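These values consider heavy atoms only, across backbone and side chains, with no hydrogens, waters or symmetry-generated copies. Chain naming here is simple, since letters A, B, ... match the order of the sequence lines and numbering starts at 1 in each. In this text the structure is predicted, and so the values were computed from the model without any measurement.
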2 protein chains.
Amino acid sequence: MKTTFGEYIRLLRNENELTLTQLAAKLNLDSANLSKIENGKRDFDEKRLPKLAKIFKLDLTELRNEYVTDQIGKQIYETNCTKQLLQVAEEKAEYRRTLKEKVI
Amino acid sequence: MKTTFGEYIRLLRNENELTLTQLAAKLNLDSANLSKIENGKRDFDEKRLPKLAKIFKLDLTELRNEYVTDQIGKQIYETNCTKQLLQVAEEKAEYRRTLKEKVI
DNA sequence: ATATATTTGTCAAAAAATGACAAGTCTTAT
DNA sequence: ATAAGACTTGTCATTTTTTGACAAATATAT
């Protein structure tokens with residue numbers, strides 16, 4: 001999946017032939033705001049992932065992975081983080097994991 | 001640099017034999033809050049990077065890289081993003097870059 | 001014990017994200 | 001042409017999150 005999360009939602013929505021209004025209702029969301037989400041002008045609220053998974057019968061874990069990779073991808077993009085720096089970031093994440101262990 | 005940004009600041013501060021209060025003053029910051037930053041309980045505000053670079057005579061670009069990798073590393077850690085997923089995230093960042101080009 | 005350094009908790013203010021609604025465009029059908 | 005439905009955009013109040021500030025507690029050294 002090499003799209004944004006918003007585009008992904010739109011894809012799902014079109015595949016299932018739902019209008020913005022219809023899907024928005026299922027998600028307890030304003031259709032105008034769903035439009036913004038699909039167009040990348042707002043973020044999808046993580047709290048709605050379970051609902052989204054249910055609507056389209058998706059595996060929640062996989063959907064959350066789509067979401068997480070979108071979020072991190074967005075940050076990588078916005079911060080102009082190069083692959084080299086991303087490697088460093090990964091090492092720092094690793095380091096944080098070791099910190100956590102120490103607390104235990 | 002495989003530490004958190006907060007630890008890095010503490011390192012710099014100790015190397016230069018400054019107290020929390022002294023460094024906080026230079027950063028226009030409350031010493032209590034600087035303490036929290038060093039201990040990872042708050043984030044360092046990006047707006048203060050130039051000041052921080054100046055105080056310790058660091059290259060701002062490199063410092064910003066330290067900051068960015070810390071931020072992304074934190075997100076990787078918090079979202080339990082595996083290396084495999086991080087690869088996907090990188091591809092999505094790439095994809096966003098292609099989107100940007102299209103707009104031009 | 002005193003003084004200094006650091007940590008922790010709390011809370012108001014500032015900033016950012018979200019919900020809601022109005023008004024706009026665009027397309028399609030009649 | 002216009003009416004209806006689908007989508008987009010702008011705005012603004014509300015909510016949530018982050019930050020600044022201060023007080024008080026703990027720790028460290030003299």
K.L.:
Using five pairs at either end of the helix from C:dA1-D:dT30 to C:dT30-D:dA1, determine the angle between the two local helix axes and round it to 10 degrees.
P.N.:
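Inter-axis angle at the ends, rounded: 20°.
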K.L.:
Only counting residues at least two apart or in another chain, list the ones meeting salt bridge (Lys or Arg N to Asp or Glu O under 4.0 Å) with A:D43.
P.N.:
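Per chain and number, A:D43 pairs via salt bridge (Lys or Arg N to Asp or Glu O under 4.0 Å) with A:K74.
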K.L.:
For residues B:Y8 and B:L63, report the shortest heavy-atom separation together with the two atoms involved.
P.N.:
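Nearest pair, atom of B:Y8 first, then B:L63: CE2-CD1, 3.7 Å.
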K.L.:
Provide the full list of salt bridge (charged side-chain N to carboxylate O under 4.0 Å, His left out) pairs with a residue in residues 11-21 of chain A, sequence neighbours left out, each pair given once.
P.N.:
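The answer is A:R13-A:E38.
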K.L.:
Using a heavy-atom distance cut-off of less than 4.0 Å, which residues of residues 40-49 of chain B contact DNA chain D?
P.N.:
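The answer is B:R42, B:R48.
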K.L.:
Strictly below 4.0 Å, N to O, side chains only: are A:E66 and B:K92 in salt-bridge contact?
P.N.:
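The answer is yes: the pair qualifies as a salt bridge.
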K.L.:
Taking any atom closer than 4.0 angstrom to a non-hydrogen atom of chain B, what span of DNA chain C does the protein reach, first nucleotide to last?
P.N.:
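Here the contact window of chain B covers C:dA5 to C:dT10.
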K.L.:
Using side-chain hydrogen bond (donor to acceptor under 3.5 Å, both in side chains), reason through B:E62 and B:Y67 one step at a time and then give a plain yes or no.
P.N.:
CA-CA 9 Å; B:E62 280 181 34; B:Y67 183 77; over 6 Å; no
K.L.:
Sequence neighbours left out, what pairs pass salt bridge (charged side-chain N to carboxylate O under 4.0 Å, His left out) with at least one residue falling in residues 48-60 of chain A?
P.N.:
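Passing the test, one end in residues 48-60 of chain A: no pairs.
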K.L.:
Suppose we screen for salt bridge (Lys or Arg N to Asp or Glu O under 4.0 Å). Which residues come up paired with A:E78, at least two apart in sequence or across chains?
P.N.:
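None.
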K.L.:
Please table the atom pairs, donor to acceptor, closer than 3.5 Å between any side-chain atom in residues 21-36 of chain B and protein atoms at least two apart or in another chain.
P.N.:
unit_1, atom_1, unit_2, atom_2, d
B:Q22, OE1, B:T19, N, 2.8
B:D30, OD1, B:A32, N, 2.7
B:S35, OG, B:N39, ND2, 3.4

K.L.:
Who clusters with A:Y77? Use side-chain heavy atoms, under 4.5 angstrom, across I, L, V, M, F, W and Y, and order the result by chain and number.
P.N.:
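Joined to A:Y77, directly or through intermediates: none.
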K.L.:
Please list, by residue number, the residues of residues 16-32 of chain A whose heavy atoms come closer than 4.0 Å to an atom of DNA chain C; answer none if no residue qualifies.
P.N.:
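Going residue by residue through residues 16-32 of chain A, the ones with a heavy atom under 4.0 Å of DNA chain C turn out to be A:L29, A:D30, A:A32.
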K.L.:
Distance check needed: D:dC7 C1' versus A:K36 NZ, whole Å only.
P.N.:
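That distance rounds to 12 Å.
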K.L.:
Identify the heavy atoms of B:L86 and B:C81 that sit nearest to each other, and give their distance.
P.N.:
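Heavy-atom minimum between the residues: N-SG, 3.6 Å.
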K.L.:
Counting only side-chain nitrogens and oxygens, does A:N39 get under 4.0 Å of the OP1 or OP2 atom of D:dT8?
P.N.:
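A:N39 to D:dT8 OP1/OP2: side-chain N or O found under 4.0 Å.
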K.L.:
Among all residues two or more places apart in sequence or in another chain, which pass the side-chain contact (heavy atoms from CB on, under 4.5 Å) test with B:E94?
P.N.:
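Checked B:E94 against side-chain contact (heavy atoms from CB on, under 4.5 Å); matches are A:K83, B:E90, B:R97.
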K.L.:
Would you list the pairs meeting ring pair (Phe, Tyr, Trp, His ring centres under 6.0 Å) in which at least one residue belongs to residues 24-48 of chain A, sequence neighbours left out?
P.N.:
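Listed by first then second residue: A:F5-A:F44.
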